[in-house]
Asks: 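Just dropping this structure here.
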Amino acid sequence: MKIKDRDLPGKLKGKSYPLAILLYGQEQGRIETTAATVEKWVLGGDADRDFDLERFYGGDLDEGHFLSACRSIPFMADMRLVVVKEADKLSPPQRKSFVTYLDNEPSSSTVVLFLSANLEASNALRKGLEKHDRCWVTPFYPLEGRHMGGWIEEHIKANGYRAADRDLIPMLVQLLEGDTRNAERELEKLYLYVGKPGAITLDAARAVVGEASIHSGFDLADSVLRGDAKKALRTLDKLVQSGGMSEALPLLGLLTQRIRRLAQAQGWMQRGMGGDEVTRKLRIFWKEKDRFLAQCNQVPAKNLAEALITCQETDRLLKGAEGSRPPEQVLGSMILRLARLFGGRP
């Protein structure tokens, strides 16, 4: 059955264990954190992890060994945990085999945890687990706006720091929006730069956060939303030359979220919400406020919808084009299409 990411923590406090859990989506940072929580919840402090925990990878999974692990009994604890990373790489027969296992007296003392990138709704594993009342399926979408801001504030506070400027969090949201795994790396660099716990200033954040690919990605997104295809393509070339294309999906996530934010703001404004309230809810950096609101008024709703469809198609191409088109070519085509939608010409 489906469970929202915000409802999952409550499920992980009881002692009613599912047969399987599937965590999937673009937001790999929160998926990793949740997976660690699941491991502690299932195994507790009594487990012998050499016997009660087994890990597999979808790309090279031995089906017989895997199913045997699912049926094994715990050694030192009440429950066992079997983890399958990269579950999106499981073959169709392997997906079907596990669903069949669930329907034929599965072990109630083993929890199988699948971790995956995005999965299509037609994926047999996802479909099978969503339909099963003793399985949990939770998608993790990229955090954006105030949700990303809340995550950043909690992370900063947990590490003993605080924002010295009211615009620090909005600026960090714009620079780090996307996968929290990448955001966490940048924040760790910021903490090291600042030194002992205390106040974090805008100058400190500007000096450290958003270097290399993240900063270039921010510039690229900015150029695309202005319709400046030439500048966006030049920025993409710099990313390729510096090796930044290893983060093609987070870069696509940044673009998608900024376009989605425009669409959300446009919808709110059409329902009568004022510009100040819109930008406050979306945590728009104050220096970007006027330009953001201008874009909301200038870009037709149908163009924003088409832009989001373009991003979705690019996402599929990036994930399915291994050995086919290089990611820089896929993103280059997307940039040209988006720039035209936002009024520019290459």
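Quantities reported herein were computed from a predicted structural model and do not represent experimental measurements.
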Asks: Which distance, rounded to the nearest 0.5 Å, do you find between the CG of Asn159 and the CD of Glu188?
Replies: 5.5 Å
Asks: Could you tell me if the side chain of Arg95 sits less than 4.5 Å from the side chain of Asn123, heavy atoms only?
Replies: yes
Asks: Find out if a path of hydrophobic residues (ILVMFWY) with successive side-chain heavy-atom gaps under 4.5 Å connects Val224 to Leu233.
Replies: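 Per the 4.5 Å side-chain linkage, Val224 and Leu233 are co-clustered.
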Asks: Is it true that, when you exclude Arg146 itself, more than 12 heavy atoms of the residues, nucleotides or ligands shown sit nearer than 6.0 Å to its CZ?
Replies: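 Check fails, neighbour count at 12 or below.
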Asks: Atom CG of Asp5 and atom CG of Leu23: how far apart are they, to the nearest 0.5 Å?
Replies: 10.0 Å
Asks: So does Asp62 have more than 12 non-hydrogen atoms from other groups sitting under 6.0 Å from CG?
Replies: yes
Asks: How far apart are the closest heavy atoms of Ser108 and Met79, and which atoms are they?
Replies: O-CE, 3.6 Å
Asks: What's the spacing between Leu172 CG and Leu190 CG if we round to 0.5 Å?
Replies: 7.0 Å
Asks: Could you tell me if Glu27 and Thr180 have a donor-acceptor pair between their side chains, going purely by distance under 3.5 Å?
Replies: yes
Asks: Is the shortest distance from a Lys or Arg side-chain nitrogen in Glu130 or Arg126 to a carboxylate oxygen in the other one below 4.0 Å?
Replies: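 Yes, this pair counts.
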Asks: What pair of heavy atoms forms the shortest contact from Tyr17 to Val111, and how long is it?
Replies: CB-CG2, 4.0 Å
Asks: Should Leu90 and Leu61 count as side-chain neighbours, where that means a heavy-atom distance under 4.5 Å?
Replies: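 They are in contact (side-chain heavy atoms under 4.5 Å apart), so the answer is yes.
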Asks: Restricting to non-hydrogen atoms, name the atom on Leu22 and the atom on Ser116 that form the minimum distance, rounded to 0.1 Å.
Replies: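 Closest pair (atom of Leu22, atom of Ser116, distance): CD1-CB, 4.4 Å.
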Asks: Other residues, nucleotides and ligands only: do more than 12 of their heavy atoms fall within 6.0 Å of CD1 on Ile73?
Replies: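 Not buried by this count: 12 neighbours or fewer within 6.0 Å.
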Asks: Taking the basic N atoms (NZ, or NE/NH1/NH2) and the acidic carboxylate oxygens, is any pair closer than 4.0 Å for Lys189 and Glu186?
Replies: yes
Asks: Side-chain heavy atoms under 4.5 angstrom apart, residues restricted to Ile, Leu, Val, Met, Phe, Trp, Tyr: same cluster for Val299 and Leu282?
Replies: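 Shared cluster, yes.
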Asks: Look at the side-chain heavy atoms of Ile, Leu, Val, Met, Phe, Trp and Tyr, link any pair under 4.5 Å apart, and say whether Leu202 and Val194 land in one connected group.
Replies: yes
Asks: Please step through side-chain contact (heavy atoms from CB on, under 4.5 Å) for the pair Leu255 and Met334, ending with a clear verdict.
Replies: CA-CA 10 Å; Leu255 276 163; Met334 179 196 70; 3.2 Å; yes
Asks: Short question: side chain of Ser68, backbone of Gly64 - any donor-acceptor pair under 3.5 Å?
Replies: no
Asks: Give a yes or no on whether the backbone of Cys70 and the side-chain of Thr110 come within a donor-acceptor separation of less than 3.5 Å.
Replies: yes
Asks: Pair Leu187, Leu176 - check side-chain contact (heavy atoms from CB on, under 4.5 Å), show working.
Replies: CA-CA 9 Å; Leu187 290 174; Leu176 299 177; 4.0 Å; yes
Asks: Take Lys230 and Arg234, measure what side-chain contact (heavy atoms from CB on, under 4.5 Å) needs, and give me the verdict at the end.
Replies: CA-CA 6 Å; Lys230 285 185 178 180; Arg234 283 199 299 269; 4.0 Å; yes
Asks: Without swapping roles, check the side chain of Asn297 against the backbone of Leu293 for a donor-acceptor pair under 3.5 Å.
Replies: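 Flag set: sc Asn297 to bb Leu293 pair under 3.5 Å.
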Asks: Examine distances only and state if a side-chain atom of Thr201 and a backbone atom of Ala204 form a donor-acceptor pair shorter than 3.5 Å.
Replies: yes
Asks: Would you kindly say whether Asp315 and Gln26 are connected by a side-chain donor-acceptor distance under 3.5 Å?
Replies: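 Gln26 and Asp315 do have a side-chain donor-acceptor pair below 3.5 Å.
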Asks: To the nearest 0.5 Å, what is the distance between CG (Asn303) and CZ (Arg340)?
Replies: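 Result: 13.0 Å between the selected atoms.
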Asks: Would you say the ring centroid of Tyr191 lies under 6.0 angstrom from that of Tyr161?
Replies: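 So the answer is yes for these two rings.
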Asks: Tell me whether Gln329 at atom CD has more than 12 heavy atoms from other residues, nucleotides or ligands lying less than 6.0 Å away.
Replies: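 Count over threshold, so yes.
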Asks: Are Leu53 and Arg55 close enough that some pair of their side-chain heavy atoms sits under 4.5 Å apart?
Replies: yes
Asks: Do Phe98 and Phe114 make the cut of ring centroids closer than 6.0 angstrom?
Replies: yes
Asks: State whether the side chain of Arg162 and the backbone N or O of Lys157 hold a donor-acceptor pair below 3.5 Å, judged by distance alone.
Replies: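 Side chain of Arg162 to backbone of Lys157, a donor-acceptor pair under 3.5 Å: no, none is there.
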Asks: Among side-chain atoms of His147 and Tyr141, is any donor-acceptor pair under 3.5 angstrom?
Replies: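 Judged by distance alone, the side chains do not pair up.
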Asks: Do Lys11 and Ile3 pass the side-chain contact (heavy atoms from CB on, under 4.5 Å) test, and can you show the C-alpha distance, the side-chain angles, and the key distance before you say yes or no?
Replies: CA-CA 9 Å; Lys11 287 283 198 179; Ile3 296 177; 3.8 Å; yes
Asks: Where do Ala121 and Lys127 come nearest, in terms of heavy atoms and distance?
Replies: O-CG, 2.9 Å
Asks: Is there a donor-acceptor pair closer than 3.5 Å between any side-chain N or O of Thr314 and the backbone N or O of Thr310?
Replies: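 Looks like yes, one N/O pair under 3.5 Å.
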Asks: Quick one: does Leu113's side chain get under 4.5 Å of Val82's, heavy atoms only?
Replies: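 No, too far: nothing below the 4.5 Å cut-off.
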Asks: Tell me whether Tyr101 contacts the main-chain N or O of Ser107 through its side chain, where contact means a donor paired with an acceptor under 3.5 Å.
Replies: yes
Asks: Below 4.5 Å, heavy atoms only, C-beta onward: do Leu19 and Val112 meet side chain to side chain?
Replies: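 No, every pair of side-chain atoms sits at 4.5 Å or beyond.
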Asks: How many angstroms lie between OG1 in Thr37 and NZ in Lys13, if you round to the nearest 0.5 Å?
Replies: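 If we round to the nearest 0.5 Å, Thr37:OG1 and Lys13:NZ are 11.5 Å apart.
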Asks: Can you confirm if the aromatic rings of His65 and Phe56 lie within a centre distance of less than 6.0 Å?
Replies: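 Yes, the ring centres sit under 6.0 Å apart.
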Asks: Where is the tightest heavy-atom contact between Val278 and Ala265, given as atom of each residue plus distance?
Replies: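 Closest pair (atom of Val278, atom of Ala265, distance): CG1-CB, 3.4 Å.
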Asks: Hydrophobic clusters here meaning ILVMFWY residues chained together by side-chain heavy-atom distances under 4.5 Å, can you tell me if Leu317 and Ile259 are in one?
Replies: yes
Asks: Apply salt bridge (Lys or Arg N to Asp or Glu O under 4.0 Å) to the pair Arg80 and Glu54, showing each step before the final yes or no.
Replies: CA-CA 8 Å; Arg80 297 184 79 252; Glu54 292 193 61; 2.7 Å; yes
Asks: Short question: side chain of Gln295, backbone of Leu225 - any donor-acceptor pair under 3.5 Å?
Replies: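 Looks like yes, one N/O pair under 3.5 Å.
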Asks: Answer whether the closest heavy-atom distance between the side chains of Tyr24 and Val137 falls below 4.5 Å.
Replies: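 Yes, side chains in contact.
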Asks: State, with a plain yes or no, whether a side-chain heavy atom of Ser97 is found less than 4.5 Å away from one of Glu63.
Replies: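 Side chain of Ser97 against side chain of Glu63, heavy atoms only: contact under 4.5 Å found.
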Asks: Nearest 0.5 Å, what's the CD-CZ distance between Glu105 and Arg71?
Replies: 10.0 Å
Asks: I want to check something: taking the side chain as every heavy atom from C-beta on, are Gln28 and Phe140 in contact at a cut-off of under 4.5 Å?
Replies: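 In short, these two side chains do not touch, never coming nearer than 4.5 Å.
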Asks: Taking all non-hydrogen atoms of both residues, which atom of Phe342 and which atom of Ala307 are closest, and how far apart?
Replies: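 Looks like CE1-CB, 4.2 Å.
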Asks: Tell me if a side-chain donor or acceptor on Asp52 pairs with a main-chain N or O of Pro74 at a distance below 3.5 Å.
Replies: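 Checked: no pair found.
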Asks: Return yes if some donor-acceptor pair links the side-chain N/O of Trp136 with the main-chain N/O of Ile21 below 3.5 Å, else return no.
Replies: no
Asks: Do Ile31 and Tyr57 sit in one hydrophobic cluster, given that two such residues count as connected whenever their side-chain heavy atoms are within less than 4.5 Å of each other, even indirectly?
Replies: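 Per the 4.5 Å side-chain linkage, Ile31 and Tyr57 are not co-clustered.
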